[in-house]
Amino acid sequence: MNIFEQTICELTASVLNSADESVTWEPCVLNKLVEQPPNPEMGDYALPCFSFAKSIRRSPVQIAKELAEKLQSILSPGSAVTGIQAAGSYLNFTVSAVAMAEEVLPDIFNGSYFKEPSKIALERVMIEYSQPNTHKGFHVGHMRNVALGDSLTRIYKYNGYDVVGVNYIGDVGAHIAKCLWYYRNHNTETPPKHFKGEWLGKLYSLAVKKLDDAEGQEKIQFQHEVSQILQKIENKDREFTEEWEMTREWSMNDFHEIYEWLDINFDYIFYESEVDEEGRKIVIEGEKNGTFERSEGAIGINLEAEELGFFMLLKSDGNTLYATKDLALAQRKFDKFGVKRSVYVVGSEQTLHFKQVFATLKRMGYSQVEHCFHLPYALVTLPDGKMSSREGNVILFSQLRKEIIESIQSVHLLEHRMDWTKQELEETAQKIAVAAIKYGMLNQDSNKQIVFSMKDWLVSEGDTGTYLVYAYVRIRSIGRQISCKVNTDVDYSLLTHPNEKKLLRQLLDFNRTILICGEQYRPSILARMLYDFSKDFSRAYNTCSVKHAKNKKLQAARLLLFHCVAETLLQGLHLLGITPPERM
RNA sequence: GCACCAGUAGCUCAACUGGAUAGAGCAACUGACUUCUAAUCAGUAGGUUAUAGGUUCAAGUCCUAUCUGGUGCGCCA
């Protein structure tokens with residue numbers, strides 16, 4: 001509740017309570033009803049009167065009218081609330097722009113506004129995301145996960161949580177055996193110098209193809225060879241372990257390079273290979289004490305009571321499954337990291353799996369499971385269907401990155417190539433590309449499918465990440481051209497333009513929006529808000545010139561406002577994982 | 001077959017979780033560059049919110065059924 005909502009709710013509550021003593025309205029209850037009118041001319045805050053109708057026993061329209069009259073009569077002349085009007089069943093309040101400006105601009109200028117949410121120290125939250133498999137290419141579908149998880153991590157940190165952002169690398173399993181089988185027996189190429197992991201991904205899909213295409217005796221032979229490799233890796237055969245470690249490193253190098261380019265930092269990295277044994281022990285122990293049961297040679301848990309069927313935990317050959325490892329991983333998160341809340345950013349195709357994992361953990365006695373949350377997101381698909389590393393029909397992340405960079409450089413940065421350093425040109429292209437990619441992944445709700453088409457990602461107009469960083473750059477450019485320094489000793493009453501007021505309102509609501517984003521696990525709300533904010537700025541930029549302001553006083557006030565817009569935009573972009581360039 | 005997710009302008013998406021006249025971007029059309037960098041702005045046009053019922057002061061939003069697309073459903077991850 002900000003100062004204006006507080007005033008509105010307290011005033012209204014006092015009038016309501018004096019009119020009818022049978023019911024007491026608390027200001028905080030009223031605050032939950034407060035909305036924003038559909039257009040700014042109607043007012044800044046709206047209070048629907050439907051819920052008062054029951055106790056007052058009059059129509060909402062009548063109540064709104066009466067409340068408006070009474071409120072107007074008790075309004076003090078110097079109040080921040082300058083207007084109260086009834087409009088149908090709504091009560092609309094207008095707040096003066098000066099009061100808004102005085103409330104928010106100084107705090108943004110000195111930076112305290114952005115530290116406000118983190119003042120309350122909240123519980124430890126672990127956010128697990130990315131989870132790429134080694135020996136497979138990192139494709140654009142993986143990017144959606146990374147953008148979501150990273151943004152969520154930043155939002156939770158901003159909101160005051162003790163966040164541990166973690167990665168969980170899939171470095172064991174049959175896909176690796178297949179890849180190494182092909183690498184040893186059929187590969188003729190020498191590994192490239194760069195993107196060796198991507199190259200392994202190519203070998204993997206070739207391996208799958210070769211295995212699928214083989215027939216008769218040859219097929220049996222191939223399958224035997226692959227399973228032998230899998231066994232040798234599991235038995236820690238020295239020769240194969242070395243090869244596994246070497247190729248795993250190739251993939252990890254690829255991943256690290258991508259994360260660095262994207263400015264993604266994990267606090268901790270788990271590997272499937274390190275929870276493999278732990279998982280097996282948990283399951284075997286669980287079977288002994290009766291939590292789990294043996295069925296058709298395998299071990300699992302009957303979750304019929306939860307309507308989740310039978311959940312397999314260990315294969316009949318004694319080998320571990322994804323589920324096996326997830327149990328061990330969860331145990332580590334709870335026991336070693338003391339996690340109170342645990343978020344899994346994983347594709348929606350695994351919704352059932354996580355319901356089963358959580359139900360199993362609950363049966364094992366982990367009460368923390370109440371605070372485990374699977375954040376699902378829909379797939380990034382190709383126009384002709386699902387992307388699959390197995391089949392090799394993927395758009396690699398490196399390809400998207402390359403094409404976006406080339407597009408930015410050739411279409412827009414060409415004009416600067418004579419007067420900017422090579423380094424600035426490259427860094428600028430990189431920052432814009434990151435903005436375009438991350439914003440593109442975050443600006444729509446995570447449960448909506450994205451059909452990937454390269455040409456859509458090369459667009460730099462309209463509702464794009466480029467638009468947001470462009471807005472930021474415009475403001476910074478103003479600052480460079482005005483000789484006076486930004487300061488808060490300005491006449492706030494000069495910011496009277498509707499476009500200026502819209503910006504003030506955005507600034508006022510910024511922290512609350514981020515709080516909602518976190519609690520709802522939806523960075524898309526932030527992305528959308530920042531787009532609207534940038535749009536409001538662009539309008540103000542075209543109507544409220546700083547350079548050509550009528551006088552120095554107005555110039556100073558606008559300079560402060562736009563400076564605060566830039567600072568807020570910077571914070572918001574940062575929470576999406578985006579760092580804008582200073583010029584472009 | 002069962003379960004989950006989605007269906008809103010020609011296309012891609014919003015709609016503060018049940019509230020006022022359903023909003024943006026792209027594409028189309030009209031207008032604004034000796035500029036605070038046009039990667040922008042102003043405007044026009046575009047809708048029976050998949051369909052049919054229901055719940056209530058109020059439904060794109062909740063309930064039921066149907067249709068369409070996607071994703072899962074015991075030895076993959």
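The analysis underlying the following values was restricted to heavy atoms, covering all of them including side chains, and did not include hydrogens, waters or symmetry mates. Below, read A as the first sequence line, B as the second, and so on, with proteins coming before strands; counting in each chain starts at 1.
- Within the nucleic acid shown, Y531(A) comes within 4.0 Å of sugar-phosphate atoms alone, with no base atom in reach, counting heavy atoms only.
- Contact check on R58(A) versus E66(A) returns a salt bridge, with a Lys/Arg side-chain nitrogen under 4.0 Å from an Asp/Glu carboxylate oxygen.
- Within the structure, a side-chain polar atom (N or O) of Y470(A) is placed less than 4.0 Å from OP1 or OP2 of rA39(B).
- rA22(B) and rA27(B) are spaced 26 Å apart, taking the P atom of each and rounding to whole Å.
- Residue N542(A) places no side-chain N or O under 4.0 Å from the OP1 or OP2 atom of rU40(B).
- Taking atom P in both rC62(B) and rC4(B), one finds a spacing of 14 Å when rounded to whole Å.
- In this structure, the separation between CE on M1(A) and CG on L30(A) is 9.0 Å, given to the nearest 0.5 Å.
- Both Q350(A) and S477(A) lie near RNA chain B, and the one whose nearest nucleotide falls closer to the 5' end is S477(A).
- When heavy atoms are screened at a 4.0 angstrom cut-off, Q131(A) is found touching no nucleic acid atom at all.
- Residue order along RNA chain B, read from the 5' end via each residue's closest nucleotide, puts Q444(A) first among Q444(A) and A540(A).
- To the nearest 0.5 Å, the span separating CG on D326(A) from CD1 on I282(A) amounts to 10.5 Å.
- Counting non-hydrogen atoms under 4.0 angstrom, A298(A) reaches a base of the nucleic acid.
- S295(A) contributes a side-chain N or O that forms a donor-acceptor pair with the base of rG74(B) under 3.5 Å.
- The base of rA14(B) has none of its N or O atoms less than 3.5 Å from a complementary donor or acceptor on the side chain of D532(A).
- Heavy atoms of L321(A) sit under 4.0 angstrom from primed sugar atoms or phosphate atoms, though from no base atom.
- Salt bridge absent: K502(A) and D44(A) never bring a charged side-chain N and a carboxylate O closer than 4.0 Å.
- Of the side-chain N and O atoms in R528(A), none sit less than 4.0 angstrom from OP1 or OP2 of rA24(B).
- Nucleotides rG47(B) and rC11(B) have their C1' atoms positioned 15 Å apart, rounded to a whole Å.
- Residue ring and base: H175(A) does not count as stacked with rA77(B) (centre distance below 5.5 Å and interplanar angle below 30° not both satisfied).
- Rounded to the nearest Å, the gap between the P atom of rC63(B) and that of rA77(B) is 36 Å.
- For the C1' atoms, the distance linking rG46(B) with rA28(B) amounts to 10 Å, nearest Å.
- Of the charged side-chain nitrogens involved, none lies within less than 4.0 Å of a carboxylate oxygen, so that R417(A) and E424(A) do not count as a salt-bridged pair.
- In this model, a side-chain donor or acceptor of R522(A) finds a partner on the base of rU17(B) within 3.5 Å.
- Of the candidates rA77(B), rA24(B), rC75(B), rA77(B) carries the atom nearest the E272(A) side chain, counting heavy atoms from C-beta on.
- At rC26(B), none of the side-chain N or O atoms of K455(A) fall inside 4.0 Å of OP1 or OP2 (strictly under the cut-off).
- Judged by a 6.0 Å distance limit and a 45° cone about the ring axis, R144(A) is not positioned over the six-membered ring of F452(A).
- Geometric assessment of R505(A) against the ring of Y45(A) yields a positive cation-pi assignment under the 6.0 Å and 45° thresholds.
- rA50(B) sits 8 Å from rU68(B) when the C1' atoms are compared, rounded to a whole Å.
- Within 4.0 Å (heavy atoms only), P37(A) reaches at least one base atom of the nucleic acid.
- Contact between the side-chain N/O atoms of K448(A) and the OP1/OP2 oxygens of rG69(B) is not found at any separation under 4.0 Å.
- Only the P atoms considered, rG25(B) is 12 Å distant from rU44(B), to the nearest whole Å.
- Going from the C1' atom of rU49(B) to that of rC57(B) covers 22 Å, rounded to whole Å.
- D445(A) comes within 4.0 angstrom of the backbone, heavy atoms only, and of no base.
- Between rC41(B) and K535(A), a contact under 4.0 Å exists linking OP1 or OP2 to a side-chain N or O.
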